[in-house]
Amino acid sequence: MTDLTDRLAAGDPLSDDEWRFLIEGGYEKQLLFNKADEVRRQHYGTDVYIRGLIEISNYCKNDCLYCGIRKSNGKAERYRLTDEEIYRCCEEGYRLGFRTFVLQGGEDGNDTTERIRKIVSAIKENNPDCAVTLSLGERQRSDYEIWHQAGTDRYLLRHETATRSHYEKLHPPEQRFDERMRCLRDLKEIGYQAGAGFMVGSPFQGTEELIADMRFLQEFQPHMVGIGPFIPHHDTPFAEYSAGTLERTLIMVALTRLTLPKALIPATTALGTIHPQGRELGLKAGANVVMPNLSPVQVRGQYSLYDNKAHTGQEAAEGLAALKKSVAQAGYRVVESRGDFGGNERTEACNCGDR
Ligand code: SAH
């Protein structure tokens with residue numbers, strides 16, 4: 001086992017059988033988590049970066065079968081934030097110590113190219129020391145170019161699954177696997193720090209699909225990877241499927257850290273939702289980012305991707321003091337910096353005043 005993790009960390013290619021063994025976890029998992037933690041410390045020390053997550057709209061024209069805000073869910077109470085509300089979230093976030101704002105939403109027809117361009121420009125102008133991340137789904141390349149030009153630093157677009165036939169079981173036919181992949185490649189080419197990712201334990205996912213996800217990460221080399229357990233939402237076609245497990249999710253986080261030593265990997269809200277210690281365990285398995293909720297309190301319950309989604313306490317921006325404490329107890333330290341891709345190298349480069 002330690003031979004395999006050493007080889008993975010050294011960038012050696014693994015066979016399908018070797019991947020299957022690592023993913024299925026029939027060994028002492030603590031050894032894997034320790035190795036992932038060691039690699040994370042080489043590049044990022046004990047730093048944990050915080051991102052203020054602003055959920056700007058839950059209107060969505062897509063119909064992902066797993067997602068609570070899919071367009072066919074007539075029971076979802078819809079909302080969208082005004083420009084002013086988004087700016088107020090950023091002001092509050094800055095005051096609390098956030099230096100990255102993530103604007104996430106459903107694919108809302110109201111989010112025109114120009115509206116988002118204007119919002120990003122304003123946030124960057126008011127907060128020149130902050131990074132802006134967008135997570136607004138699939139768009140034309142020209143939109144991504146314009147938003148990057150306006151100052152957007154990063155873009156999160158999970159690939160969801162790297163297996164075409166599996167993708168087609170999680171999405172309606174109008175949502176194309178090739179289109180999702182096209183978007184990811186465009187984002188990287190344009191110069192974003194690009195984020196991919198997947199759910200663990202989504203319906204019809206087996207070990208083979210997870211092997212494909214790992215091989216995709218190896219090939220695509222994203223800067224960020226979001227990994228969380230699938231959690232059913234009661235008003236979706238997947239209501240009766242069971243959630244992904246803590247153990248399998250931690251294994252995938254650790255394997256991702258070994259595969260992409262410098263990646264920014266969040267201990268996701270979904271991980272914190274399925275287990276009270278999920279976030280801390282994620283950090284100890286190689287994650288180095290947390291994304292507390294900075295949306296206006298009155299809409300937080302409505303951005304309901306899955307049942308019981310945590311949005312209070314340490315998952316909330318106001319809970320930052322408590323979050324800092326529990327991160328410290330886990331052996332790490334919340335830092336108030338942009339937390340760009342690159343770890344130690346990048347920090348040294350930044351001292352030369354390049355930003
Ligand atoms: N519209 C944006 C944001 C989607 S929501 C986009 O397309 O990228 C962010 C992520 O939440 C999704 O990429 C998906 O991986 C995750 N998600 C959605 N429903 C979920 C569920 N039921 N359980 C766990 N994660 C879910």
Side-chain angles (χ1 to χ4, degrees), residues 51 53-73 76 78 80 102-111 116 133-139 143-144 147 154-162 166-167 170-172 174-177 179-184 186-187 192 194-205 209 213 222 224-246 248-249 252 266-275 278 282 291 293 295 302-311 315:
R51 321 300 196 194
L53 181 61
I54 308 170
E55 296 157 336
I56 69 170
S57 168
N58 72 349
Y59 283 88
C60 193
K61 66 177 167 61
N62 285 342
D63 224 9
C64 308
L65 275 75
Y66 45 84
C67 184
I69 64 169
R70 64 201 301 268
K71 78 166 171 215
S72 295
N73 182 8
R78 306 286 169 172
R80 74 170 55 99
V102 180
L103 274 49
Q104 189 180 83
E107 293 197 13
D108 182 349
N110 190 55
D111 289 337
I116 300 300
T133 305
L134 292 177
S135 180
L136 300 174
E138 297 167 29
R139 306 284 296 215
D143 287 359
Y144 292 149
W147 297 343
R154 314 187 188 122
Y155 203 102
L156 301 176
L157 186 78
R158 292 187 179 181
H159 64 285
E160 312 296 359
T161 171
H166 186 217
Y167 193 91
L170 302 181
H171 302 96
E174 308 77 64
Q175 289 176 243
R176 318 263 324 146
F177 177 73
E179 186 61 5
R180 193 106 185 145
M181 290 294 170
R182 189 273 302 162
C183 289
L184 276 164
D186 279 352
L187 289 163
Y192 284 96
F198 54 95
M199 292 175 286
V200 175
S202 61
F204 318 111
Q205 181 190 66
E209 284 72 24
D213 288 319
M224 305 172 282
V225 188
I227 300 171
F230 159 75
I231 304 174
H233 184 288
H234 62 282
D235 288 322
T236 63
F238 290 164
E240 303 304 325
Y241 285 85
S242 38
T245 64
L246 174 72
R248 181 58 70 98
T249 308
M252 298 315 296
T268 53
T269 302
L271 192 51
T273 299
I274 57 161
H275 190 278
M291 301 174 66
N293 197 313
S295 307
Q302 283 162 258
Y303 196 78
S304 171
L305 306 175
Y306 45 82
D307 289 339
N308 306 314
K309 179 165 161 280
H311 53 82
E315 289 294 339

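Note that ligands are numbered from 1 as they come in the structure, with each ligand's atoms numbered from 1 the same way. What you are looking at is a predicted structure, and each value in this text was computed from that prediction instead of being measured.
- If you run side-chain hydrogen bond (donor to acceptor under 3.5 Å, both in side chains) between S57 and each of N110, D108, D111, only D108 comes through.
- When heavy-atom distances to ligand 1 are checked against a 4.0 Å cut-off, C64 has no atom that comes that close, whether in backbone or side chain.
- One N or O on the side chain of R78 and one on the backbone of I69 form a donor-acceptor pair closer than 3.5 Å.
- Residue G105 places at least one N or O, backbone or side chain, under 3.5 Å from an N or O of ligand 1.
- For Y241 and F204, the distance between ring centers is under 6.0 angstrom.
- Distances between N or O atoms of Q104 and those of ligand 1 include no value under 3.5 Å.
- When ring centroids are compared, Y66 and H171 come within the 6.0 Å threshold.
- In terms of polar-atom proximity, E107 is not counted as a contact of ligand 1, lacking any N or O under 3.5 Å from an N or O of the ligand.
- Interface of L157 with ligand 1, defined as ligand atoms under 4.0 Å from a residue heavy atom, comprises 8 (O).
- The closest approach between any non-hydrogen atom of K61 and ligand 1 is not below 4.0 Å.
- Separation of atoms OG1 (T236) and OH (Y306) is listed at 13.5 Å; rounding is to 0.5 Å.
- Counting only heavy atoms, the protein gets under 4.0 Å from atom 16 (C) of ligand 1.
- Shortest contact from atom 24 (C) of ligand 1 to any protein heavy atom: P229 O, 3.3 Å.
- Ring geometry for F238 against F230 counts as perpendicular: the plane angle is over 60°, on a 0 to 90° scale with 30° as the lower cut.
- Judged by the shortest distance from any of its heavy atoms, G226 lies outside the 4.0 Å radius around the atoms of ligand 1.
- At under 3.5 Å, a nitrogen or oxygen of E160, whether backbone or side chain, sits near a nitrogen or oxygen of ligand 1.
- The backbone N or O of H234 sits less than 3.5 Å from a side-chain atom of D307, completing a donor-acceptor pair.
- With hydrogens and angles disregarded, no donor-acceptor distance shorter than 3.5 Å links the side chain of E55 to the backbone of Q302.
- With K309 contributing its side chain and Y303 its backbone, the two residues share a donor-acceptor pair below 3.5 Å.
- Side-chain atoms of D63 come within 3.5 Å of backbone N or O of S72 as a donor-acceptor pair.
- For N308, the side chain to side chain donor-acceptor pair (under 3.5 Å) criterion is met by no residue, not counting sequence neighbours.
- At the shortest separation from atom 11 (O) of ligand 1 among protein heavy atoms lies L305 CD1, 3.6 Å.
- Near R158, the atoms of ligand 1 lying under 4.0 angstrom from a non-hydrogen atom of the residue are 13 (O), 14 (C), 15 (O), 16 (C).
- Ligand 1 has an N or O atom lying under 3.5 Å from an N or O atom of I231, backbone or side chain.
- Under 4.0 Å from ligand 1, the heavy atoms of R180 that appear belong solely to its side chain.
- Atom 20 (C) of ligand 1 has its nearest heavy-atom neighbour, among M199, H159, E55, in M199.
- Atoms of ligand 1 found under 4.0 Å from any heavy atom of C67 (numbered from 1 in listed order, with element): 19 (N).
- For ligand 1, one of its N or O atoms has an N or O atom of Y66 under 3.5 Å away.
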